[in-house]
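Residues: numbered from 1 along the sequence shown.
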Amino acid sequence: MKNFTISADLLAPQNMDARWANSPFLPLKLLLPKQKGKQFELITQEILKQVGEKITKRTSTEHDFCANGQSCELKGSTTTKNTDDVYSFLQIRPDQEYQNLVLTTFCFDGTITIYRIPKKDVLKLIDKGIFKRQHGGNKANSRTFCYNGNTKPFEKYLWHKGQYVK
């Protein structure tokens with residue numbers, strides 16, 4: 001068996017954006033992706049209930065929940081390191097059965113923003129190149145898309161925005 005060395009800096013913890021140190025969302029930021037996704041879903045549903053939206057269980061495994069009788073697929077994101085308004089949304093699948101794509105953003109300052117994008121507009125955002133192919137690049141025939149950038153393309157879809165308070 002051969003021995004290998006690894007530079008100490010490659011094994012050291014990565015520096016986190018210091019602004020998250022006192023953020024109420026630090027526990028979310030530190031979760032593993034699958035756990036984070038579930039928490040984003042539960043938190044978003046709780047907020048939607050608080051603002052008077054009627055939230056019910058999903059009617060299919062192809063979406064996460066229903067809001068006011070419409071099926072919703074949720075994607076959540078915390079701000080990207082060292083940015084004020086850059087988010088990543090992964091695994092956007094337009095072929096799944098849902099009526100609205102819901103994007104929830106969590107900023108280190110405690111701001112939560114929820115966008116609701118009708119499925120027909122998700123398809124338009126794909127056609128415009130806002131949502132990009134996630135697997136295999138632009139030449140691949142992947143039907144999974146992602147977004148990495150600021151929230152300007154979604155401003156007209158703003159559903160709810162607020163500040164976390166303890």
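The hydrophobic cluster containing Y157 does not contain V86, counting ILVMFWY residues as joined when their side-chain heavy atoms lie under 4.5 angstrom apart, directly or transitively. Residue Y164 is grouped with residue L26 when hydrophobic side chains (ILVMFWY) are merged at heavy-atom distances under 4.5 angstrom, including chains of intermediate members. I126 and L90 fall into different hydrophobic clusters, defined by Ile, Leu, Val, Met, Phe, Trp and Tyr side-chain heavy atoms under 4.5 Å apart, directly or through other members. Tracing side-chain contacts under 4.5 Å through hydrophobic residues (I, L, V, M, F, W, Y), one reaches L30 starting from I112; they form part of the same cluster. Hydrophobic cluster membership is shared by Y87 and L158, with clusters built from Ile, Leu, Val, Met, Phe, Trp and Tyr side chains linked at under 4.5 angstrom.
The backbone N or O of T105 sits nowhere less than 3.5 Å from a side-chain atom of T113 that would complete a donor-acceptor pair. Checking side-chain atoms of K119 against main-chain N and O of E97 turns up no donor-acceptor pair under 3.5 Å. D17 places a side-chain N or O within 3.5 Å of a backbone atom of R19 that can act as its donor or acceptor partner. Listed for the E62 side chain is no donor-acceptor partner under 3.5 Å among the backbone atoms of Q96. S71 places a side-chain N or O within 3.5 Å of a backbone atom of Q99 that can act as its donor or acceptor partner. Under a 3.5 Å cut-off, the side chain of K29 and the backbone N or O of T79 do form a donor-acceptor pair.
Closest approach of L31 and K36 over heavy atoms only: O-CE, 3.4 Å. A pairwise comparison of heavy atoms in D84 and C107 identifies O-SG, 4.2 Å as the closest pair. For the pair F145 and Q134, the tightest heavy-atom approach, listed with the atom from each and the gap, is O-OE1, 3.3 Å. Smallest separation of non-hydrogen atoms from Q45 and D64: NE2-O, 4.4 Å. For the pair W159 and A67, the tightest heavy-atom approach, listed with the atom from each and the gap, is CH2-CB, 3.7 Å. The minimum heavy-atom distance linking G110 with P24 is given by the pair CA-CG, 4.0 Å.
With values rounded to the nearest 0.5 angstrom, L74 atom CG is found 5.5 Å from F65 atom CZ. Taken from NE2 in H160 to CD in E53, the straight-line distance is 3.5 Å, to the nearest 0.5 Å. Separating the OH atom in Y98 from the CD atom in E73 is a distance of 6.5 Å, to the nearest 0.5 Å. Expressed to the nearest 0.5 Å, how far SG of C66 lies from NZ of K54 amounts to 10.0 Å. T78 OG1 to L28 CG: the interatomic distance, rounded to the nearest 0.5 Å, is 8.0 Å. Between atom CD1 of residue I130 and atom NZ of residue K152 there is a gap of 12.5 Å, rounded to the nearest 0.5 Å.
Using a 4.5 Å heavy-atom cutoff, the side chains of I43 and T104 are not in contact. Looking at heavy atoms from C-beta onward, K75 lies in side-chain contact with Q91 at the 4.5 angstrom threshold. Side-chain contact check for T151 versus L103: every heavy-atom pair is 4.5 Å or farther apart.
Looking at K124 and D121, a side-chain N of the basic residue comes within less than 4.0 Å of a carboxylate O on the acidic one, giving a salt bridge.
Aromatic ring orientation, F131 versus F154: parallel (interplanar angle below 30°, classes split at 30° and 60°). Aromatic ring orientation, F106 versus F25: perpendicular (interplanar angle above 60°, classes split at 30° and 60°).
Heavy-atom neighbours of N22 CG from other residues, nucleotides or ligands within 6.0 Å: at or below the threshold of 12. Within 6.0 Å of CD on Q163 lie more than 12 heavy atoms contributed by other residues, nucleotides or ligands. Enclosure of atom NZ in K38 is not indicated, since only 12 or fewer non-hydrogen atoms of other residues, nucleotides or ligands lie within 6.0 angstrom.
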